[in-house]
Amino acid sequence: MTGRAHTHEREQDFSDVDRGALIAELSRLVPKASLLHELEDLKPYECDGLAAYRQVPLAVVLAENETQVIAVLKTCSRLGVPVVARGAGTGLSGGALPHGNGVLLSLAKMKRILHLDPVARVAVVEPGVRNLAISEAAAPHGLYYAPDPSSQLACTIGGNIAENAGGVHCLKYGLTVHNVLRVRGVTMAGDAIELGNHALDAPGYDLLAVMIGSEGLLAVVTEVTVKLVPKPEAARVIMASFGDITHAGDAVAAIIAAGIIPAGLEMMDKPTTAAVEPFVKAGYDLDAAAILLCESDGTPEEVEEEIGRMRAVLEGSGATGIRVSTDEAERLKFWAGRKAAFPAAGTLAPDYYCMDGTIPRKRLGEILVAIAGMEKEYGLRCINVFHAGDGNLHPLILYDANVPGETERTEEFGARILEMSVALGGTITGEHGVGYEKLRGMCVQFDSDELTAFHGVKAAFDPQGLLNPGKAVPSLHRCAEFGRMHVHHGDLKFPDIERF
Amino acid sequence: MNDLSEQFVERITAASSDQPLCIRGGGSKDFYGEARRGEVIDTRGHAGIVAYEPTELVITARCGTPLAEIEAALAAQNQFLAFEPPTFGAGTVGGAVAAGLSGPRRASVGALRDYVLGVTILSGVPRRLTFGGTVMKNVAGYDVSRLMAGSLGTLGLILEVSLKVLPRPVAEASLRFDLPQAKALDALNAWAGQPLPLSASCWCDDALTLRLSGAEAAVAAAMRRLGGDGVTDAAAFWTSLREQRHAFFAGDETLMRLSLPSNAPPLALPGAQLIEWGGSQRWWRGDAATAREVAAKAGGHAVLFRGADKSAGVFQPLPAPILNIHRRLKAAFDPRGVFNTGRLYPNL
């Protein structure tokens, strides 16, 4: 099986993997308790945070150290078995969806903080360390790890690397790619590689940047060095109400135009505030068409000055009401509703589907009007929360999977939002990743030449194509199936591919 | 505004590994990297700002656009390229991305690669490929845009690039302290762990110069807290570092750039050093072999930045598995081996 040719034109067929032989080999590599292969043990791993897609793997390996990771990958490489790496399984795009003919490699047991250096301001951690655990360990030194995805209580740094996780503060503090200095990983061939270092750059191509956000397709992360930054002394947040959602969008642009980069800049529409208010009692203005949360952090003097400037801009942009948090408790209360948006959506309908497009900020009004139109067209409700500062939308489509046809309508609705994001000059995914869910969107956003280049990047790290196959970058055949393949340079590059 | 991409396609199509191309913009970094070979493909004609919207914090420009033109357009809106790339005179934006160099503000705000949002390139096939875009958050596909930063033109001809821009700081001030190297390094690492608005540092000749940037109140408070002496003509001083016109950089002696963990102790190297980036970037006039050994011991690497004799290799050699990935990436983007072959590493 090792001679199987990897091709980007079609997905590989792994149906000939010998389950018995695989489990026999794996049982020689890891302790008995670290290898799961009974159906009841495999079930908990059948999906990640996107439960709509489920697949039981042949086996789950709970790796305890890099030596085991190397052994498992070498063996799977020799046997031609696909491997899917998994952290806490909080991902929202099916990136850690197991392969039915493959091994699910969990890194959750590798959760030691190996070294924390407050002088160099770095922490060296294993991949299964939770995002928030890093900031907690750094807190006594007045430091923290800046990226703060909503799932930070549970999600692991290895998964953050795979997804290039963001959060509500990334406009000012950056994404995972801006806050990680070094990744140690293992390639499918079993080579340990180090990308980046404890300096600010490394020789050669910036493979660290390619690895971050690669959705587990290039190498399995075994160790990470993150950058720690000083915790701001003070933070305050403004809650501003708007009678019209486009005015709120304009206010976002006006803040940036005034030369202010807020620590956080979030928007919620009226249906969202109505849904979360009973939960959090944050005192949101329920008459407002939209509210903005605009945060300033830094030294107390800096915050005072910036809050004053922000308030002036928001007032000038037609805010109908403004409240500024007066203490830390109130600041957290204002934020609580934003953080509760997803759970609150769960109370409005049996199921919800979270989208993740990013658009240029100035197109916010346009896409909101379009989404409102689609709600009528599909007969489904959609509530909207945004990382407004960076144009990252999280429309939540509410549906009931038990009503025949609703799931399909929801998927179609979601795909239309993403296609519109691309048409407006944006992207199908700002921070949740393509995973399994958005393969179709990739065919819209990229043409066959660009997809071929991505497959070239994949093959540079994993020539056999065994790491997380069938995710993140669709085969050209799959795009042809979607019927949305872009014809480039006036001709079809692969005229022999069947099209449906 | 000129679009020369069709001419570039013709040149690339006509090129081969025996008759390769040397991509060149303003020629301001001809000195950088391994020897240039191949016929020059001049990108300066493919120039102009394609789109710039201050409220989106993004500028998109063709490769041949002079950095000076971009900076002037940004300055008119009170914005700037926060990573302060050296222009070295006639530098273009395409050349800046290809070289991946950042200036004094790097340790505080990030490197050029952190500000690259999207690129359009011509691959060696040639094919016109677009990666990333103009939005701040984008995780669709591998981050090929950042891969271009510092690749020295070996993977493709950058046609167009979109960079994130930032508002200029409201206030800026510089301070100077008389400090020997070890004490300066200790101070820099201690300050970097505190919420201070540091935006640049330079230690040279037993003097440490700091720059503070941010809100008026924040800069004023930090000045009171840190003390030190005022700096006359501070803007000119930081420009002289960024452009390597500072006296330390004069002369023909080999210039080594050591990239290290910021808290690496003072290096046992003879002669003068100039230290930037809070201790992470250390310049030294001396031989490559010594610098490379010292840098590796300290957990970093060394670049032969300028020098007549490059026989020691410009960049620190790569471990075999990493070099293999480099070779396969080169083959994926430039399968016919026409672009800047050997400029980064021999035969790459």
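Proteins come first, then strands; the chains are lettered A, B, ... in the order of their sequence lines, and each starts at number 1.
Interface residue B:Ala107: backbone and side-chain heavy atoms are both found under 4.5 Å from chain A. With a threshold of 4.5 angstrom between heavy atoms, A:Leu195 approaches chain B through side-chain atoms but not through N, CA, C or O. With a threshold of 4.5 angstrom between heavy atoms, A:Val473 approaches chain B through side-chain atoms but not through N, CA, C or O. For A:Thr429, the parts lying near chain B are the backbone and the side chain together; criterion is any non-hydrogen pair under 4.5 Å. Contact of B:His326 with chain A is made through backbone and side chain together, with heavy-atom distances under 4.5 Å. When heavy atoms are compared at a cutoff of 4.5 Å, A:Glu305 approaches chain B solely by way of its side chain, counted from C-beta outward. Looking at A:Arg361, both its backbone and its side chain come within 4.5 Å of chain B, counting heavy atoms on both sides. With a threshold of 4.5 angstrom between heavy atoms, A:Leu228 does not approach chain B through any atom at all. Of the two parts of B:Leu323, neither the backbone nor the side chain holds a non-hydrogen atom closer than 4.5 Å to a non-hydrogen atom of chain A. Residue B:Gln77: no heavy atom, backbone or side chain, is found under 4.5 Å from chain A. If you measure heavy-atom distances from A:Ala257 to chain B, the contacts under 4.5 Å come from both the backbone and the side chain.
Ranked by heavy-atom pairs under 4.5 Å with chain B, the list A:Pro360, A:Ala258, A:Gly441, A:Ala472 is led by A:Pro360. In terms of heavy-atom pairs under 4.5 angstrom with chain A, the leader among B:Ile325, B:Asp143, B:Val109 is B:Ile325. Between chain B and the options A:Thr358, A:Asp191, A:Leu451, the largest number of non-hydrogen pairs under 4.5 Å is found for A:Thr358. Counting heavy-atom pairs closer than 4.5 Å to chain B, the top-ranked of the candidates A:Gly456, A:Gly430, A:Ala209 is A:Gly430. Put simply, of B:Pro321, B:Ala190, B:Gly299, the one with the most heavy-atom pairs under 4.5 Å next to chain A is B:Pro321.
Taking 4.0 Å as the cut-off between side-chain N and carboxylate O, A:Asp201 and B:Arg257 count as a salt-bridged pair. Taking 4.0 Å as the cut-off between side-chain N and carboxylate O, A:Lys438 and A:Glu215 do not count as a salt-bridged pair.
Residues B:Ser262 and A:Arg121 bring a donor and an acceptor atom of their side chains to less than 3.5 Å of each other. Checked by atom type, the side-chain pair A:Tyr205/B:Thr154 shows a donor-acceptor distance below 3.5 Å. Under 3.5 Å, the side chains of B:Ser280 and B:Arg106 contain no donor-acceptor pair of N or O atoms.
Counting heavy atoms from C-beta outward, B:Pro317 and B:Arg292 have side chains that approach closer than 4.5 Å.
Aromatic ring pairs are classed by plane angle as parallel below 30°, tilted from 30° to 60° and perpendicular above 60°; the pair B:Tyr142 and A:Phe454 is perpendicular. Relative ring orientation between A:His387 and A:His394 is described as perpendicular, the plane-to-plane angle rising above 60° on a 0-90° scale split at 30° and 60°.
In this structure, the side chain of B:Asn263 does not engage the main chain of A:Val119 through any donor-acceptor pair within 3.5 Å. With hydrogens and angles ignored, the 3.5 Å screen pairs no side-chain donor or acceptor of B:Asn340 with any backbone N or O of B:Ser151.
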